[in-house]
Amino acid sequence: MIAIAHGLTVDPDLRARLADLYCAYDNLLNDGELELWPSLFAETCIYKVIPRDNVEQGMPIAVMYCESRDMLTDRVVALRETALFAPRIARRITTAICLRAIEPDGMHLTASFAVFQTMPDQPSELFLCGSCRDRVMDDAGTLRFAERVFIYDSTIVPTSLVYPL
Amino acid sequence: MIAIAHGLTVDPDLRARLADLYCAYDNLLNDGELELWPSLFAETCIYKVIPRDNVEQGMPIAVMYCESRDMLTDRVVALRETALFAPRIARRITTAICLRAIEPDGMHLTASFAVFQTMPDQPSELFLCGSCRDRVMDDAGTLRFAERVFIYDSTIVPTSLVYPL
Amino acid sequence: MIAIAHGLTVDPDLRARLADLYCAYDNLLNDGELELWPSLFAETCIYKVIPRDNVEQGMPIAVMYCESRDMLTDRVVALRETALFAPRIARRITTAICLRAIEPDGMHLTASFAVFQTMPDQPSELFLCGSCRDRVMDDAGTLRFAERVFIYDSTIVPTSLVYPL
């Protein structure tokens with residue numbers, strides 16, 4: 001369920017459409033359909049994975065940073081064609097999706113995420129968890145992410161971050 | 001929130017009824033009310049727990065397999081009366097429940113699941129996670145599972161799988 | 001999504017308002033806004049964190065127990081001003097929120113929770129999981145918790161329980 005921050009009123013239908021967008025995002029990545037992943041973003045967009053520590057100290061360095069849909073596509077191509085990594089399965093869950101504000105630049109939402117990772121012949125493990133700060137826009141009738149920032153709680157650099165969050 | 005796949009339109013009320021079914025399923029198992037668990041399935045049904053590896057390689061072997069409500073009931077009786085196992089608590093969470101298609105044989109849904117397990121005097125641990133492929137039917141006004149397939153991400157056989165997923 | 005137990009009928013709007021309350025609760029704690037946390041409770045309220053074992057054996061001892069909003073505020077002040085503890089981040093997720101009954105004393109709900117904890121230079125870990133038994137009241141147009149009982153699955157006393165659940 002998409003929740004709405006105190007003081008905001010929105011149409012039930014918008015809640016449902018936002019829920020569909022967030023679920024589509026998790027489904028694409030959980031199903032390994034990386035090639036479709038960029039289609040959930042606006043053409044000009046911010047995608048960032050950054051440790052919470054950096055955010056709190058105002059440090060800009062992110063472990064992944066893209067600023068257009070094309071850069072996201074590049075990322076997928078690189079991952080498919082050049083990256084070397086041990087096989088693994090990443091399973092993501094998203095909870096507490098909350099519409100915080102509607103501004104001229106879009107709808108601002110936050111959420112919590114956790115990713116479980118499974119390596120062959122290993123039990124599944126909690127890999128990363130944290131919060132999302134997102135901005136969603138209505139792109140000619142389709143909701144798309146204009147911004148997705150994943151802020152992970154750990155201070156350890158997740159060297160094994162292979163798939164996009 | 002039940003999400004709806006792109007291109008599908010459904011009544012808000014159906015979203016709510018599906019959410020209620022999925023939540024009832026998790027609640028019954030989390031509360032240990034195993035005897036009521038078969039009532040959430042159609043009389044003829046498929047229930048399967050299978051490793052992702054097998055699904056991807058087209059191998060049919062499942063670690064649990066039932067094809068009727070009666071077989072599910074048998075399973076519960078066996079668990080209550082004959083199975084020997086160390087006490088444990090299983091807590092399940094289900095996210096990203098998504099109605100993917102409505103076909104003549106029912107509504108096709110997917111979801112992500114994770115199960116945390118707690119043994120006495122041990123901290124809680126992630127036990128299994130994976131995806132569900134489900135089919136839900138309207139059984140004279142009541143939604144029931146005609147099919148629930150739990151596909152877990154790990155390649156390790158969960159020997160300690162005692163309670164149904 | 002807030003689910004509704006079998007046999008109960010409620011307005012879709014109430015589902016949404018309850019979802020907003022639960023999400024606001026998780027957001028306040030995940031964002032570290034402890035000072036606002038008591039505002040989600042009624043002036044007279046029960047807040048309890050108790051091991052499942054004690055609940056099942058009818059033992060009343062809880063590891064945290066407050067019976068008014070003022071006691072919750074005291075707890076926050078103590079935490080901010082006197083408690084000594086290693087820095088950590090707690091991230092909570094809540095699933096399977098279910099309205100079970102509407103009684104003269106309020107709406108009775110249950111939910112599942114899990115808390116992931118992250119210590120500096122450590123990977124994130126599952127800290128606690130369990131169930132909630134809650135009572136929610138309409139307090140002059142605002143939904144508030146009249147009772148929140150967190151029943152954690154583990155029998156180990158979580159000595160490092162610093163932040164409220």
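Proteins come first, then strands; the chains are lettered A, B, ... in the order of their sequence lines, and each starts at number 1. Excluded from the calculations below are hydrogen atoms, water molecules and symmetry mates; all remaining heavy atoms, backbone and side chain alike, are included.
- Atom CZ of C/R92 sits about 13.0 Å away from atom SG of A/C129, to the nearest 0.5 Å.
- In terms of the side chain to side chain contact (heavy atoms under 4.5 Å, CB included) criterion, residue partners of C/V10 (sequence neighbours excluded) are, by chain and number, C/I4, C/L14, C/R15, C/L99, C/I102.
- Counting heavy-atom neighbours within 6.0 Å of C/M59 CE, excluding the residue itself, gives a total of 12 or less.
- Looking only at heavy-atom pairs under 4.5 Å with chain C, the residue among A/A111, A/G130, A/C98 that has the most is A/G130.
- Note: A/L126 leads A/L126, A/T155, A/T110 in heavy-atom pairs under 4.5 Å with chain C.
- The two residues C/S124 and A/D153 come nearest to each other via the heavy atoms OG-CB, 4.4 Å.
- Interface residues of residues 28-57 of chain C toward chain A, defined by a heavy-atom distance below 4.5 Å and sorted by number: C/N30, C/D31.
- Heavy-atom neighbours of A/M71 CE from other residues, nucleotides or ligands within 6.0 Å: above the threshold of 12.
- The contact between A/F116 and chain C is made entirely by side chain atoms (from C-beta outward), counting heavy-atom distances below 4.5 Å.
- Using a 4.5 Å cut-off between heavy atoms, A/A114 touches chain C through its side chain atoms alone.
- The number of heavy-atom neighbours closer than 6.0 Å to CZ of A/R75, taken from other residues, nucleotides and ligands shown, is 12 or below.
- In A/R17, the CZ atom is crowded: over 12 heavy atoms of neighbouring residues, nucleotides or ligands sit closer than 6.0 Å.
- The shortest distance between side-chain heavy atoms of C/R91 and A/S131 falls below 4.5 Å.
- The closest side-chain heavy-atom distance from A/T95 to C/D26 is not below 4.5 Å.
- With A/S154 as the partner, the side chain to side chain contact (heavy atoms under 4.5 Å, CB included) test is satisfied by one option alone out of C/T118, C/I89, C/D121: C/T118.
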